[in-house]
Amino acid sequence: MNSRERILGRVRRALADVPRDDSPIERGYLRRHGERTAEETVALLAENLADYRALVHRCAPDELPSLIGRLLTERGSASVLVPPGLDASWLAGTDAARVADRAGSTAHELDRVDSVVTGCAVAVAETGTVVLDGSPDQGRRRITLVPDHHICVVRVPDQVVSSVPEALERLDPLRPSTWISGPSATSDIELDRVEGVHGPRTLEVVLLG
Amino acid sequence: MSGTFVGMPAFPEAARDAVRDTTLRGTLRHATHTIRAKRAKAVAEVSDWAALREAGKRIKDHTLRHLDRYLEQLEAAVTAAGGTVHWAADADEANRIVARLVQETGESEVVKVKSMATQEIGLNEALEAEGIRAYETDLAELIVQLGEDRPSHILVPAIHRNRGEIRDIFRSEMGRWGRPAPEGLTDTPAELAEAARLHLREKFLRAGVGVSGANFMVAETGTLVVVESEGNGRMCLTLPETLISVVGIEKVVPSWRDLEVFLQTLPRSSTAERMNPYTSTWTGTTDGDGPRVFHLVLLDNGRTDTLADEVGRQALRCIRCSACLNVCPVYERAGGHAYGSVYPGPIGAILSPQLRGTASDIDASLPYASSLCGACYEVCPVAIDIPEVLVHLRERVAQGGPVTRDGNKVVLRPARGHGAERAAMRAARWAFRHPGALRAGQRLASRTRRFHPRTLPGPGRAWTGSRDLPPVPAEPFRDWWQRTHGGKDGGR
Ligand code: SF4
């Protein structure tokens, strides 16, 4: 008998006293916490992002290139990683060298790039979270991980939901997803939250709309 | 479980040393009190907490009830998505599988993201024996590994180390493992975190194999979920060519949608955040993004034995949030190491004796390492009735009775007259001798809790009554203490 059969056999014997029950799980919890207008939801997102030390900016579509340009300049970034499907006009206002996200680029190469600019799949207002799912305007997971500075653009209000249940509904489980709530952090030293361990130490979120 | 803690003295001896160590006690008290207050605030923010907790409990119970079916479904989904599933009946088998998989890649080192399951099976030591070096990448795990220490808390394994100690460990040890600590490193948390970032980055960038656990596995889709803070998890999950995840069979949930409950309750219960900084989900392998090879090792190692126990099986609902540790008055005084297992605190007191059996003194004494104040049940996000399981396990230690070990039904002999009995009694006495801590715990527990143990089961009472042990309270502990000791000695 192999271990698979052994474990499944043990499970079945262990459950001999329990009747099967396929009635649906009762879910008495809320789909979202409170009713808000679209604008209020965006405001809550901004507030919660900032609470976890993301830097939040708002702008209209025609202001985006200059805003991104300014953020990269202020940061002193000489190079910026570009996901394959990023709207080229977003980077019209910067001189930073564009580095394409190629399957062949090594982690060491990515480590030499200063910043990365991406879109997102969905953002969650109640938790202050942006979710990436590897779509062409977000690129592979590693490009938003290795560089130390991430600018993430959220289209508001379309890409903003209130709650975690609403976010999961919008995502395809077969795509790899990364949920980001503020810059990387640790509380491992005397439970003091310190920003910036291995992921980007600076997260800037641009609410575009 | 493996012998990670072989030779561990029984709970009371280990706890006594911890109580004498005033630095440790101060560090622990500060840490647990900080996180307690924050957690309460994070939980109060969501008006439907009780409903989320109830749903979490039901989802887990439903899954456990049909565990065979969901494991098969999970295996099929992971395989269809390009992963390979392995089954490990015990720690040795899991270690052998992982060592072989690493050897097949030709690599001799792996980067690891914190995982209770791999600690439970002693994976690092097993890999070391095969000439494979495992680098822990979680800051706290790094502190523990560099300090040649043992973890003392589920979530914050180095909770017993203060910043000065951490700086000293970094200064003296980092150089032996790779990039040394920066010159003039101080003990500010930001500088310590920066030192860890620099030290580990070279390891991430060159890593060929990542090893992880998982917080959840979705049967329907084959998706795994890792919840973390630092980004070391993302590094391990996405940079290496090969990813090996070792996950206990109880971590499965039926559907993608079920995550909506746990992704709300876990961060608030554990780090007291609305959401932890990073959560990663992946399903098998993805072309061009992340590891090309993915192995999932499903671990039993005592879980099916636990599942066979009608009362004890609820321990398998645990999502390892550590809220129960942070409110436990006994944990606060004794520290994590006294529990002699990778699972400390209240959850450890009910999980370790079930996963490992109660043959050793430490495991027999663990169900007694509690005052049954009920604060752990109160905060548990999947409503595990820890006091109920403790009382059940005490009865089993005292009276013996039928249990399942390695899949076989056996009858345990009563502990009476054995070393285990003495160890158990000492643990009970220890727990009852620390009323100051107990009062604090009882204040936390709400007056409305459903379960409030009043007596030990009959034979247990006789057993305790005939020996040199304070009577187990037939009334709330605090009242009993006030009555018999008049409150003197209270602040101790
Ligand atoms: S027993 Fe409950 S409170 Fe304790 S770690 Fe597990 S889930 Fe959290």
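Just so we're clear, the structure is a prediction, and the values are computed from it rather than from any experiment. Lettering of chains follows the sequences in order, A, B, ..., and the numbering in each one begins at 1.
- Ion pairing between a basic and an acidic side chain is recognised when a charged N comes within 4.0 Å of a carboxylate O; R4(A) and E72(B) show such pairing.
- Proximity to chain B is limited to the side chain of T129(A), based on heavy atoms less than 4.5 angstrom apart.
- If you measure heavy-atom distances from E75(B) to chain A, the contacts under 4.5 Å come from the side chain alone.
- Contact of D61(B) with chain A is not made at all, since no heavy-atom distance falls under 4.5 Å.
- In this structure the side chain of N2(A) never reaches within 4.5 angstrom of the side chain of W87(B), judged on heavy atoms.
- The residue among E202(B), E45(B), R234(B), R206(B) with the most heavy atom pairs within less than 4.5 Å of chain A is R234(B).
- Atom CG of L205(B) is separated from atom CG of L110(A) by 8.5 Å, given to the nearest 0.5 angstrom.
- Between the CZ atom in R58(B) and the CG atom in D21(A) there is a gap of 10.0 Å [rounded to 0.5 Å].
- If you tally non-hydrogen atom pairs under 4.5 Å between each of D111(A), D22(A), L168(A), T178(A) and chain B, the highest count goes to L168(A).
- The distance from the CZ atom of R10(A) to the OG1 atom of T404(B) is 10.0 Å, given to the nearest 0.5 Å.
- R274(B) and E126(A) are not joined by a salt bridge, as no carboxylate oxygen comes within less than 4.0 angstrom of a charged side-chain nitrogen.
- When heavy atoms are compared at a cutoff of 4.5 Å, I249(B) approaches chain A solely by way of its side chain, counted from C-beta outward.
- For the options E26(A), R140(A), R141(A), heavy-atom pairs under 4.5 Å to chain B are most numerous at R141(A).
- Contact annotation for P200(A): both backbone and side-chain heavy atoms come within less than 4.5 Å of a heavy atom of chain B.
- Heavy atoms closer than 4.5 Å to chain B are found in the side chain of V194(A), but not in its backbone.
- A donor-acceptor pair shorter than 3.5 Å can be found between the side chains of D48(B) and H33(A).
- When R161(B), E54(B), E310(B) are compared by the number of non-hydrogen pairs under 4.5 Å with chain A, E310(B) comes out ahead.
- Contacts between L171(A) and chain B at a heavy-atom distance below 4.5 Å involve backbone atoms as well as side-chain atoms.
- Side-chain contact of S229(B) with T186(A): a donor-acceptor pair under 3.5 Å is absent, judged by distance alone.
- Top candidate by heavy-atom pairs under 4.5 Å with chain A, chosen from T286(B), L239(B), T221(B), is L239(B).
- Between the side chains of S181(A) and E273(B), no donor-acceptor pair of N or O atoms lies under 3.5 Å.
- In terms of non-hydrogen atom pairs under 4.5 Å with chain B, the most contact-rich of G28(A), P165(A), S23(A) is P165(A).
- With chain B as partner, the option from R12(A), R175(A), R20(A) having the largest number of non-hydrogen pairs under 4.5 angstrom is R20(A).
- Residue T188(B): no heavy atom, backbone or side chain, is found under 4.5 Å from chain A.
- Listed options V131(A), D51(A), L132(A) were ranked by heavy-atom pairs under 4.5 angstrom with chain B; first place goes to D51(A).
- Side chain to side chain, R6(A) and T304(B) fail the donor-acceptor criterion of an N or O pair below 3.5 Å.
- Counting heavy-atom pairs closer than 4.5 Å to chain B, the top-ranked of the candidates V164(A), I7(A), I25(A) is I7(A).
- Put simply, CH2 on W179(A) and CG on L263(B) are 5.5 Å apart, with the number rounded to the nearest 0.5 Å.
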Original post:
salt bridge (charged side-chain N to carboxylate O under 4.0 Å, His left out) between R31(A) and E260(B): does it pass, once the steps are laid out?
Top reply: CA-CA 9 Å; R31(A) 294 307 292 165; E260(B) 71 191 21; 2.9 Å; yes

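- Summarising the geometry, atom CG belonging to N232(B) is positioned 5.0 Å from atom NE2 belonging to H198(A); distances are rounded to the nearest 0.5 Å.
- Residue contact with chain A, scored on non-hydrogen atoms closer than 4.5 Å, involves the backbone of A88(B) exclusively.
- Interface residue R201(B): only side-chain heavy atoms are found under 4.5 Å from chain A.
- Of the two parts of T223(B), only the side chain, counted from C-beta on, holds a non-hydrogen atom closer than 4.5 Å to a non-hydrogen atom of chain A.
- Salt-bridge annotation for D68(B) and R13(A): absent, with no side-chain N of the basic residue lying under 4.0 Å from a carboxylate O of the acidic one.
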